[in-house]
Colleague: 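Got a structure here, written out as structure tokens. Questions coming.
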Amino acid sequence: MSERRSDNRYKADPNQSLAKGLAVLEQLELAESEVGVRELARRVGVSTTAAHRLLATLRTHGFIEQNPYNLRYRIGHRAFQVGQSYLAQQTLQQIAFGRMHELSLHGGVAAYLGVLRNNTVVYLLSLMNGPTPVNVQPGSSAFVHSTALGKAMLAGLELDAREHAIAELELPALTPTTIVDRGRLREEVGRVAEDGFAICNTENIPSVYAIGAPIRDYTGQTVAAVSFAVMQPDDQRRYAAEHERLRSMALCAAADISSQLGAVPRHAGLRAPSPAMM
């Protein structure tokens, strides 16, 4: 059995309890089979009583599990979910690129992939096709309230988290149509949550129209968003056609990427855009 020697590294950490709990997880991760409390206490370098407290906390939050027959411990489902989330983030760009590139190229539109970090949209991919003057670089950021990506990801948050995020957002007026009232933004994000897609109608950059949709992982949580953008349509007929085209692209791309991340489909019967639409 592989074993990592405990060197009491947690003594140098400001939060010793957290460090000890992480040491327990490390030892369970290294173990080839279930481990008893006394053995874990010895490996981590704490008393049996302290080990019981650490294990109880980790078990309550699902990071470890106890075998009810022999009372020994193993890694729990939450630790697995955290690991899966990390892998999903590491491969998100590779997974998304193919579908986004296909739709962007054949549709002659710009495509963007973004994540929500510290109440800011961070771009992971930017594919430029068609006359859309929004050439952002991966790693650059944008406001949440004025982008289709941002509103789509806000809508994917739990209600409490969504309300907290909206309360913390900066709401500068980037164009005459930017939503700068929190009440209006709250209503808009609620609509996005119901419809499954977000609209940015010249709210971030003048003359640019975009539609975005949330990307979910196997837990059902929103982890990113994808959007497609064109120059603002110049008449009502073209506006309706472009709206439907971008909406279909965004929903289909988001559904495909989410499916590859293990998410259960939420838009049954959604069809991919036809060549005529692209």
Side-chain angles (χ1 to χ4, degrees), residues 1-96 115-118 122 124 153-165 193 214-225 254-255 257-266:
M1 177 185 296
S2 300
E3 181 175 332
R4 180 179 297 168
R5 181 180 61 86
S6 173
D7 56 6
N8 290 331
R9 286 171 294 172
Y10 59 79
K11 289 182 178 179
D13 286 292
N15 191 323
Q16 294 186 15
S17 294
L18 176 59
K20 293 173 186 176
L22 293 173
V24 169
L25 288 176
E26 285 182 348
Q27 292 303 323
L28 288 175
E29 179 262 330
L30 289 170
E32 296 175 0
S33 59
E34 298 168 342
V35 184
V37 62
R38 289 189 178 86
E39 177 65 12
L40 282 170
R42 184 187 67 79
R43 293 188 189 184
V44 177
V46 298
S47 68
T48 303
T49 300
H52 272 297
R53 289 198 297 267
L54 293 170
L55 291 166
T57 299
L58 292 169
R59 183 183 177 190
T60 297
H61 292 279
F63 284 93
I64 65 170
E65 296 173 352
Q66 186 181 40
N67 186 324
Y69 298 103
N70 60 23
L71 303 183
R72 296 167 73 84
Y73 292 90
R74 57 179 177 255
I75 288 290
H77 69 281
R78 281 293 295 137
F80 174 76
Q81 289 175 345
V82 170
Q84 288 294 102
S85 178
Y86 171 78
L87 290 175
Q89 291 183 16
Q90 293 298 102
T91 60
L92 178 59
Q93 289 156 277
Q94 293 96 317
I95 290 173
V115 293
L116 194 60
R117 294 290 183 271
N118 298 320
V122 177
L124 299 183
M153 287 185 283
L154 276 182
L157 297 176
E158 297 293 334
L159 286 177
D160 288 346
R162 183 194 307 172
E163 182 57 34
H164 178 74
I215 295 170
R216 298 179 175 86
D217 66 7
Y218 69 101
T219 69
Q221 294 183 332
T222 296
V223 295
I257 298 166
S258 297
S259 177
Q260 293 185 67
L261 294 177
V264 176
R266 294 197 176 189

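Here the structure is a predicted model, which is why all the values come from computation and not from measurement. We use all heavy atoms of the structure for the numbers below, so side chains are in, but hydrogens, waters and symmetry mates are not.
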Colleague: Just to verify, what does Ala155 make a side-chain contact (heavy atoms from CB on, under 4.5 Å) with, not counting sequence neighbours?
Modeller: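 Here the qualifying residues are Val189, Val192, Ala193.
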Colleague: Check whether any side-chain heavy atom of Leu28 sits under 4.5 Å from a side-chain heavy atom of Leu40, and report yes or no.
Modeller: yes
Colleague: So does Ala255 get a backbone contact from the side chain of Ser259, meaning a donor-acceptor N/O pair under 3.5 Å?
Modeller: no
Colleague: Could you pull out the closest heavy-atom pair between Gly156 and Thr222, with the gap in Å?
Modeller: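 What the structure gives for the nearest pair is CA-OG1, 3.2 Å.
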Colleague: List in chain and number order the residues that pass side chain to side chain donor-acceptor pair (under 3.5 Å) with Gln66, two or more places apart in sequence or in another chain; answer none if no residue qualifies.
Modeller: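 Per chain and number, Gln66 pairs via side chain to side chain donor-acceptor pair (under 3.5 Å) with Arg59, Tyr73.
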Colleague: For Val37 and Leu71: C-alpha separation, side-chain torsions, deciding distance, then whether side chain to side chain contact (heavy atoms under 4.5 Å, CB included) applies.
Modeller: CA-CA 9 Å; Val37 62; Leu71 303 183; over 6 Å; no
Colleague: Using the test side-chain contact (heavy atoms from CB on, under 4.5 Å), find all partners of His164 that sit at least two apart in sequence or belong to another chain.
Modeller: Glu168
Colleague: Sequence neighbours left out, what passes side chain to side chain donor-acceptor pair (under 3.5 Å) with Thr48? Give chain and number order.
Modeller: none
Colleague: Take atom CG in Asn70; do more than 12 heavy atoms of anything else shown fall under 6.0 Å from it?
Modeller: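 Counting other residues, nucleotides and ligands, CG of Asn70 exceeds 12 neighbours.
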Colleague: What salt bridge (charged side-chain N to carboxylate O under 4.0 Å, His left out) pairs are there with at least one residue in residues 47-58, not counting sequence neighbours?
Modeller: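 Qualifying pairs: none.
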Colleague: Holding to side-chain contact (heavy atoms from CB on, under 4.5 Å), I want the full list of residues that pass it with Leu54, two or more places apart in sequence or in another chain.
Modeller: Lys20, Val24
Colleague: How would you list, by chain and number, every residue that makes a side-chain contact (heavy atoms from CB on, under 4.5 Å) with Val122, sequence neighbours excluded?
Modeller: Val115, Arg117
Colleague: Using the test salt bridge (charged side-chain N to carboxylate O under 4.0 Å, His left out), find all partners of Arg74 that sit at least two apart in sequence or belong to another chain.
Modeller: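 Testing Arg74 for salt bridge (charged side-chain N to carboxylate O under 4.0 Å, His left out), a comparison that skips the adjacent residues, returns Glu34, Glu65.
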